[in-house]
Amino acid sequence: MKILVTGGSGFIGRAICSRLVADGQDDVSRAVRSAAAGIPQVTDVPIGDIGPDTDWARGLAGIDAVVHAAARVHVTHESAEDSLAEYRRVNVAGTVNLARKAAAAGVRRLVFISSIKVNGERTPEGRAFSADDPPAPAGAYARSKCEAETALRELAQAGGMEVVVIRPPLVYGPGARANFLRLLRWIDRGLPLPFGRVRNRRSLVALPNLVDLVATCIRHPAAANQVLTVCDGEDVSTPELVTRIAAAMQREIRLLPVPVWLLRGLASLAGKGPMAERLLGSLQVDMAKTRQLLQWSPVVSMQTALEQAVGDYLRHSSA
């Protein structure tokens with residue numbers, strides 16, 4: 001099978017390419033913006049920026065399946081005057097352009113990496129998001145992913161191509177950046193952290209687990225035209241996560257008993273409300289549908305995956 005992976009030089013896309021090559025069953029190429037560090041046995045296809053006018057002719061020739069991992073993700077310091085319009089240009093119009101051209105080129109299936117944020121930003125106590133819940137996206141990024149899902153579903157219903165949508169929560173693993181890397185650095189420095197009174201529950205997904213599900217969805221007949229959620233199958237509170245990471249680092253950690261209401265208020269005053277919510281609020285994922293439909297289970301435990309991520313971080317921080 002010939003497979004094209006978009007975003008192939010990114011954290012998730014690169015891991016997908018490496019996994020498919022390791023399986024030894026596919027002819028793999030990756031769409032990249034420009035020249036990037038190569039992956040053995042993967043063909044690079046430079047396509048420039050992804051948007052409504054991207055020329056995919058070279059990348060889609062002879063392709064059987066596309067994994068669309070490229071996206072405009074969360075931007076910490078937003079420079080675009082209209083951030084929603086920019087998210088829509090890349091994540092909606094860019095995705096639709098790719099999907100239509102893929103269908104016209106005879107691609108049989110497109111696997112779309114979406115986000116659990118399409119379901120919403122947080123879950124109430126004792127409640128988890130499932131794949132078939134009504135979408136409730138908040139924020140420009142989540143709205144753009146939701147709109148892209150809708151457009152892909154309409155294309156699939158028109159008979160243009162099979163589509164599989166995967167909604168992961170926070171993805172962590174070797175090479176992870178953003179909030180997960182920030183947390184690793186806080187713990188590594190031995191800073192006291194104010195999470196002693198946090199009693200939330202959050203689902204995460206290790207990179208090997210997400211990649212394994214993607215590889216499954218490329219071929220599995222039952223995955224066609226489905227929306228699927230994914231996680232590690234184990235939810236943790238922020239204090240539990242911090243304690244596990246600290247143990248893997250062999251670091252002492254102090255968790256200060258600061259009231260959650262105070263943390264939220266201080267974060268809001270500092271303009272860090274959304275980041276604080278990811279540490280203080282709950283976001284649980286129910287992946288029963290994925291397990292039952294595909295007979296799929298995570299391939300690594302959260303403990304193993306955290307140890308691998310910490311080991312990679314320590315190796316690079318000491319280099």
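- In terms of modelled atom types and a separation under 3.5 Å, the side chain of D44 and the main chain of V32 share no donor-acceptor contact.
- Two residues are said to be in side-chain contact when any heavy atoms from C-beta on lie closer than 4.5 Å; F180 and L204 fail this criterion.
- With D232 contributing its side chain and A206 its backbone, the two residues share a donor-acceptor pair below 3.5 Å.
- Following chains of ILVMFWY side-chain contacts shorter than 4.5 Å, one can reach V67 starting from V164, so the two form part of one hydrophobic cluster.
- Judged as a side-chain hydrogen bond (donor to acceptor under 3.5 Å, both in side chains), and not counting sequence neighbours, the contacts of D49 are R33.
- In terms of modelled atom types and a separation under 3.5 Å, the side chain of N209 and the main chain of V300 share a donor-acceptor contact.
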* To do: Verify side-chain contact (heavy atoms from CB on, under 4.5 Å) between R291 and S297, making sure each step is shown before the conclusion.
  => CA-CA 6 Å; R291 289 183 181 273; S297 295; 3.3 Å; yes
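- The backbone N or O of D235 sits nowhere less than 3.5 Å from a side-chain atom of S203 that would complete a donor-acceptor pair.
- Under a 3.5 Å cut-off, the side chain of Y87 and the backbone N or O of V73 do form a donor-acceptor pair.
- Between V310 and L184 there is a side-chain heavy-atom pair separated by less than 4.5 Å.
- The closest donor-acceptor contact from the side chain of R254 to the backbone of P192 lies at 3.5 Å or more, if one exists at all.
- Of the charged side-chain nitrogens involved, at least one lies within less than 4.0 Å of a carboxylate oxygen, so that R108 and D64 count as a salt-bridged pair.
- In this structure, R219 places its CZ atom where more than 12 heavy-atom neighbours from other residues, nucleotides or ligands lie under 6.0 Å away.
- Interatomic distance, CZ of F195 versus CH2 of W186, reported as 5.0 Å (0.5 Å rounding).
- Counting non-hydrogen atoms of neighbouring residues, nucleotides and ligands closer than 6.0 angstrom, the CD atom of Q25 exceeds 12 such neighbours.
- L228 has its side chain out of reach of V165: every pair of non-hydrogen atoms, C-beta onward, lies at least 4.5 Å apart.
- Taking 4.0 Å as the cut-off between side-chain N and carboxylate O, D212 and R19 count as a salt-bridged pair.
- No donor-acceptor contact under 3.5 angstrom links the side chains of Y141 and N91, judged on distance only.
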For a quick test of your reading: what N or O donor-acceptor pairs under 3.5 Å do the side chains of residues 151-163 make, sequence neighbours left out?
residue	atom	partner	partner atom	Å
E162	OE1	R109	NE	3.0
E162	OE1	R109	NH2	2.9

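- Taking a cutoff of 4.0 Å between a charged side-chain nitrogen and a carboxylate oxygen, K145 and E149 do not qualify as a salt bridge.
- For the residue pair T238 and N200, a side-chain donor N or O sits within less than 3.5 Å of a side-chain acceptor on the partner.
- Between the side chain of R244 and the main chain of V242, no donor-acceptor pair closer than 3.5 Å is present.
- Within 6.0 Å of CZ in R201 there are more than 12 heavy atoms belonging to other residues, nucleotides or ligands.
- A continuous path of ILVMFWY side-chain contacts below 4.5 Å connects W261 to L193, so both sit in one hydrophobic cluster.
- There is no path of hydrophobic side-chain contacts, each under 4.5 Å, that joins V285 to L279.
- For the residue pair Y172 / N179, no side-chain donor-acceptor distance below 3.5 Å is found, with atom types taken as modelled.
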